[in-house]
Amino acid sequence: MPPFYVTTPIYYVNDAPHIGHAYCTVNADAIARWHRLAGDDVFFLTGTDEHGLKVAQAATANGLSPQAWTDELAPRFAGAWADLQIANDDFIRTSEARHHRTVQQFLQRIYDNGYIVSDTYRGWYCVGCEQYYAEDELAGDRTCPVHGRPAEWYEEENYFFRLSAFQDRLVEWFESDPGRILPEQKRNEALSFVKGGLQDISITRTSIDWGVPVPWDPRHVFYVWYDALVNYLTAIGYGQDDDRFARWWPAVHHLIGKEIIRFHCVWWPAMCMAAGIDPPNHVQVHGWLLVGGEKMAKSKLNQIAPGDLTVDFGVDPVRYHLLRDTPLGSDGDFSYEGITARYNADLANNLGNLLARVATVVGTKCGGVGPAPDPASRLAAVAAGVVAEASGAWEAMQPAAALEATWRLIRETNAALESAEPWKHAPGPAVDAVLGSALESLRIVALLASPAMPSTCAEIWRRLGLGGLPEDRRVPDDAAWGGYPGGLAVEKGAPLFPRRQE
RNA sequence: GGCGGCGUAGCUCAGUCGGUCAGAGCACACGGCUCAUAAUCGUGGGGUCGCGGGUUCGAGUCCCGCCGCCGCUACCA
C-alpha cells in the first residue's frame, strides 16, 4: 500500500477552535478518508502549537504554569475534531516530551552541519510587548504601536539559521516538480520570494523559557516556528524509528493556510535540507473562510465555533458545506444563507429526497426488497464517468469538484426515475430494473461521498440493506456498476436531511 | 514603487494547446408529474466574456494600453 501522509498545521492553542480551523481540518480528514478508501496506507496528523510568549503570558494571567494552561486548552481542539468526526491518526502537542526530544535532535543536526550560527540580532524592541518591531511597524518617533511608548534599540546574541545558504537549492526544489506547491499562484508567490533573496533568520530567544531548550546552549529556547514545524517529523518517528520515518517521509502532503506559506514553503524545506533529509513532497495551500468578508479574529468577535453549526445543521451537513463551497486555494465567505441553501438544494432535495422516493417505491412495488441493478442501465455509463471524475478530483485535492461530480449521478438518477415512472407501472422486471439501478446509484454515491459525510453514508448503506460500512470498501473496484446484489431489505427511515425553511 | 493575479449569465464559478466556448450549479419564469422531505423532471438567458486597440482566415483564449479589485514585498503566533 502506498504511503499517504497528510497534515494540518498545528493550531495555536491560545485560539478557540473556529470554523476556519475546521475548514482545514475537515478537508484534510476527507482527503485522508478518500485515500484510505483508495487503499493507501494513510497517516493523518493534526495537533496544537503550545509554545511562545503569548501562551506563557496567558498562563500567568490565569495563575497557571504554561504546561497546566495548555493541558486545559489542547483538549478543546481535540474535542472539536472528535465532534466533527475527524479521524486523525495522531494528535501532537508541541509541549510533549517526544516533541522536545525530536526538536533537539533535529536542530542539533542542523547545528552540527554548520547551518546554525551565533550572531547578533539588532532591532527596535518594546519592553512592554517583549517583542521586536521592524522600523516601518513603529509609529512616529519610533514608538510601539501597542503601548505608544518609545521602542528601545536592543542587540542580542542569538542563533541564526543560515537560510541564505539555501536559495539555489530551494529554487531547484520548486522547479523540480510544478506540483510541489499548489495552487500555482501560491507557488509563484513563494518562488518569487525565494528569488528575491533570502536573509538568515534568528531562531532562538533568551527572553522566555516556555519553549524547547537549545541543546548546546540552554540559556536559549527555540523560536516557536522553529519548533512547531518539526512536529511533522516528531509524529513519524524521526530520530527514533528510522524504518517508520522512512516509510512516511517525504511522502507528505502539508495542508496549510495562505498566511503561513513562507514558513512551510521556504523555511521548512530549507530546514530539512540543512538537516540532511528530503524536503516535503507537497504543500497544498488553502485560502481563508471569511465571515462577512473578513478573516475571523478574536478581536472582531466574528468567530464561529464548529459546535454552533453542528448543533443546528448536523455534523455531516457542516462538513459537506465546508468541503463543497470553498475549493482549496480560494477564499470562501461563510454565511447561514450559504449553508442553508446548500443544505436544502444538495442534501435535502437531491440526496435525501432521492433515497426517500426510491425507498417508498421499492416498498410498494417490490415488497420492500431491493432488486438488482440493470447492467444495461443508462446510469451505468453515467456512474462510471462520475467515479472517474470524482476520483481524479479527490486525488488532486479538490473535494469541491469531487462532490460536484458525485452529485451529477444523483441528478441523473432523479431524471431516470422521472422518465421511467416506476410508480405508475405494475410490479415486474421493468420496474425492478429501474429501481435496482436507482439503488445502485445510491450505493455508489454513498461510497463516493463517504469521505465527506461518513455517518450519513453509513446510514444510507445500512438502509440499502448492505452490510458493513462504505469505508470497508475500496475504490475503484467497489464503485463499479453492478455492486448492489439485490434481494436486500430496503428501509425508508426518517428523512436524512429534513428540509429547512427560509 | 516592484513582482504576481483577477475582472465570463442576478449569484458562485468552469472554460486545457486560439476555431460548436459562449457553459455548469443555484436563483428566477413557464410547463409536466404527484413515487418523494411543496421534493422532482423538462424548457427558457438580446451575458458587448472589465474598456480600447493589435496579431490572425478566426480570440474570454495571444500582444499592447487603460480602468477597477486583490495578493506578496521576511523574522507576527
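Lettering of chains follows the sequences in order, A, B, ..., and the numbering in each one begins at 1.
- Contact check, Asn349(A) against U40(B): a side-chain N or O comes under 4.0 Å of OP1 or OP2.
- Of the possible polar contacts, one joining the Gln167(A) side chain to the Val194(A) backbone as a donor-acceptor pair under 3.5 Å is found.
- Where Leu198(A) and Lys492(A) meet RNA chain B, the nucleotide closest to each residue was compared, and Lys492(A) sits on the side nearer the 5' end.
- To the nearest whole angstrom, the two P atoms, one in U8(B) and one in G4(B), are 22 Å apart.
- For Ala345(A), whose side chain is taken as the heavy atoms from C-beta onward, the closest listed nucleotide among C76(B), C26(B), C35(B) is C26(B).
- Cation-pi geometry between Arg162(A) and Tyr115(A) is not satisfied (NZ or CZ under 6.0 Å from the ring centre, within 45° of the ring normal).
- Using a 4.0 Å heavy-atom cutoff across all strands shown, Thr360(A) reaches sugar-phosphate atoms only and no base atom.
- Here U34(B) is the nucleotide among A39(B), C41(B), U34(B) with the atom lying nearest to any side-chain atom of Trp423(A).
- Taking the C1' atom of each, U12(B) and G54(B) are spaced 34 Å apart, rounded to whole Å.
- Per the geometry, CG belonging to Asp331(A) stands 10 Å off C1' belonging to G71(B), to the nearest Å.
- A gap of 24 Å separates the P atoms of A14(B) and G52(B), to the nearest Å.
- The C1' atoms of A59(B) and C49(B) are separated by 11 Å, rounded to the nearest whole Å.
- Among the protein residues, Lys424(A) comes within range of the sugar-phosphate backbone only, with heavy atoms under 4.0 Å from sugar or phosphate atoms but none that close to a base.
- Of the C1' atoms belonging to G58(B) and G31(B), the separation is 40 Å, rounded to the nearest Å.
- Remark: the separation of the P atoms in U34(B) and G50(B) is 46 Å, to the nearest Å.
- Atom C1' of nucleotide A14(B) and atom CD of Glu404(A) are separated by 8 Å, given to the nearest angstrom.
- Using a 4.0 Å cut-off, no side-chain N or O of Lys186(A) falls inside it from OP1 or OP2 of C72(B).
- Rounded to an integer number of Å, the gap from CG of Asp119(A) to C1' of C75(B) is 13 Å.
- Note on Gly352(A): a base of the nucleic acid sits closer than 4.0 angstrom, heavy atoms only.
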Do Tyr320(A) and Thr456(A) pass the side chain to side chain donor-acceptor pair (under 3.5 Å) test, and can you show the C-alpha distance, the side-chain angles, and the key distance before you say yes or no? CA-CA 11 Å; Tyr320(A) 182 79; Thr456(A) 298; over 6 Å; no

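- Remark: Glu459(A) engages Arg463(A) in a salt bridge, criterion side-chain N to carboxylate O under 4.0 Å.
- Among the heavy atoms of the strands, none lies under 4.0 Å from Tyr343(A).
- Protein atom CD of Glu184(A) is 15 Å distant from nucleotide atom C1' of G71(B), rounded to whole Å.
- When heavy atoms are screened at a 4.0 angstrom cut-off, Leu496(A) is found touching base atoms of the nucleic acid.
- Nucleic acid contact class of Trp267(A) (heavy atoms, under 4.0 Å, all strands): none.
- Look at C17(B): it lacks any Watson-Crick or wobble partner with both distances under 3.5 angstrom.
- Asn188(A) comes within 4.0 angstrom of no nucleic acid atom, judged by non-hydrogen atoms across all strands.
- Atom-to-atom, CG of Leu403(A) to C1' of A14(B) comes out at 16 Å; the value is rounded to the nearest Å.
- Checked by atom type and distance alone, the side chain of Arg180(A) never pairs as donor or acceptor with a backbone atom of Phe174(A) at under 3.5 Å.
- At a threshold of 4.0 angstrom between heavy atoms, the contacts of Gln185(A) are confined to the sugar-phosphate backbone, with no base atom among them.
- If you check G58(B) for Watson-Crick or wobble pairing at under 3.5 angstrom, you find it has no partner at all.
- For the pair Trp288(A) and Val361(A), both in contact range of RNA chain B, the more 5′-proximal nearest nucleotide belongs to Val361(A).
- The separation of C13(B) from G7(B), taken at their C1' atoms, amounts to 13 Å, rounded to a whole angstrom.
- Straight-line distance from the CG atom of Leu347(A) to the P atom of A39(B): 14 Å, rounded to whole Å.
- Note: CG (Leu351(A)) to P (U37(B)) measures 14 Å, nearest angstrom.
- Applying the 90° cutoff around 0 to the glycosidic angle, G32(B) is assigned anti.
- Of the candidate nucleotides U37(B), U73(B), C35(B), U37(B) has the atom lying nearest to any side-chain atom of Ala356(A).
- Across every strand in view, C28(B) sits in a pair with G44(B) that passes the Watson-Crick or G-U test at under 3.5 angstrom.
- Judged by the 6.0 Å distance and 45° axis criteria, Lys258(A) is positioned over the aromatic ring of Trp288(A).
- Considering only the side chain of Arg262(A), C72(B) comes nearest among C26(B), C72(B), U37(B).
- Ring centroid separation for the pair His18(A) and Phe334(A) does not come in under the 6.0 Å cut-off.
- In this structure U34(B) sits in no base pair that meets the Watson-Crick or G-U test at under 3.5 Å.
- Listed candidates were C35(B), C76(B), U37(B). Nearest to the side chain of Arg357(A) is C35(B).
- Atom name P, nucleotides C66(B) and G60(B): the rounded distance is 22 Å, in whole Å.
- Pairing partner, G1(B): U73(B), with both Watson-Crick or wobble hydrogen-bond distances short of 3.5 Å.
- Base engagement by Gly197(A) is indicated by at least one non-hydrogen atom pair under 4.0 Å involving a base atom.
- Listed pair Arg499(A) / A39(B) meets the phosphate criterion, a side-chain N or O lying under 4.0 Å from OP1 or OP2.
- In this structure a side-chain-to-backbone donor-acceptor pair under 3.5 Å is missing from Thr94(A) to Ala228(A).
- Here the two rings, on Phe161(A) and Phe166(A), have centers that are under 6.0 Å apart.
- The side chain of Glu189(A) lies closest to C72(B) when the candidates are C72(B), U40(B), A74(B).
- Rounding to whole angstrom units, CZ of residue Arg408(A) and C1' of G25(B) are separated by 12 Å.
- For Glu418(A) and G32(B), a side-chain-to-base donor-acceptor distance below 3.5 Å is present, hydrogens and geometry of angles not being considered.
- Across all strands shown, G7(B) pairs with C67(B); the Watson-Crick or G-U wobble distances both stay below 3.5 Å.
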